[in-house]
Amino acid sequence: MASPVPVKEKKLMEVKLGELPGWILMQDFTPKGIAGAFQRGYYRYYNKYINVKKGGFAGISMVLAAYVLFNHCHSYKELKHERLRKYH
């Protein structure tokens, strides 16, 4: 049975597994489209966790956790080298 909503307008979580390749090919992968996707993600995060009446520590802690994870991944090669060095 055909869905009344076109595949391109569906959200990722609403796409069935058989429709997934067609849905991916219909997305905008130009630099402008990718920038728009990041902007939508940022505004969604900001409005959900930061721009609230009774804010908590959750929004800021996620940003800090992402920052720590990014820096650890960035310097993993040096950390691994230090770990394997013998001190004697």
Side-chain angles (χ1 to χ4, degrees):
M1 182 173 192
S3 175
V5 179
V7 176
K8 185 175 182 178
E9 295 178 7
K10 288 184 180 181
K11 294 180 182 176
L12 177 59
M13 296 303 292
E14 297 173 355
V15 176
K16 295 200 183 332
L17 198 54
E19 301 172 337
L20 188 60
W23 181 83
I24 291 173
L25 292 174
M26 289 184 191
Q27 299 306 309
D28 186 12
F29 289 107
T30 62
K32 186 176 181 179
I34 293 172
F38 275 104
Q39 184 178 18
R40 285 191 306 274
Y42 169 77
Y43 284 128
R44 183 175 178 184
Y45 171 81
Y46 181 79
N47 288 327
K48 187 172 184 180
Y49 295 108
I50 306 298
N51 190 22
V52 292
K53 288 183 181 179
K54 291 179 73 175
F57 188 63
I60 303 298
S61 65
M62 281 189 262
V63 172
L64 291 174
Y67 176 73
V68 168
L69 184 65
F70 175 76
N71 281 332
H72 179 74
C73 291
H74 183 67
S75 62
Y76 180 74
K77 187 176 181 181
E78 290 84 14
L79 292 172
K80 184 178 177 184
H81 181 69
E82 287 291 326
R83 183 184 65 193
L84 297 175
R85 182 177 293 161
K86 292 184 179 180
Y87 294 99
H88 62 277

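Considering every non-hydrogen atom in both Y45 and V63, the closest pair reads OH-CG2, 3.1 Å.
Here the CE atom belonging to M26 is positioned 10.5 Å from the NZ atom belonging to K10, to the nearest 0.5 angstrom. In this structure, L20 CG and L25 CG are separated by 9.5 Å, a value rounded to the nearest 0.5 Å.
The side chain to side chain donor-acceptor pair (under 3.5 Å) analysis of residues 23-39, with sequence neighbours excluded, yields the pairs D28-T30. Sorted by first and then second residue, the side chain to side chain donor-acceptor pair (under 3.5 Å) pairs involving residues 58-72 (not counting sequence neighbours) are Y67-N71.
Under the 4.5 Å side-chain contact rule for hydrophobic residues, Y49 and L64 share a cluster. I34 and Y42 are members of different hydrophobic clusters when ILVMFWY side chains are connected at heavy-atom separations under 4.5 Å. Taken together through direct or relayed side-chain contacts under 4.5 Å among Ile, Leu, Val, Met, Phe, Trp and Tyr, F70 and F38 form parts of separate hydrophobic clusters.
With sequence neighbours excluded, no residue forms a ring-ring contact (aromatic ring centres under 6.0 Å, His included) with Y43.
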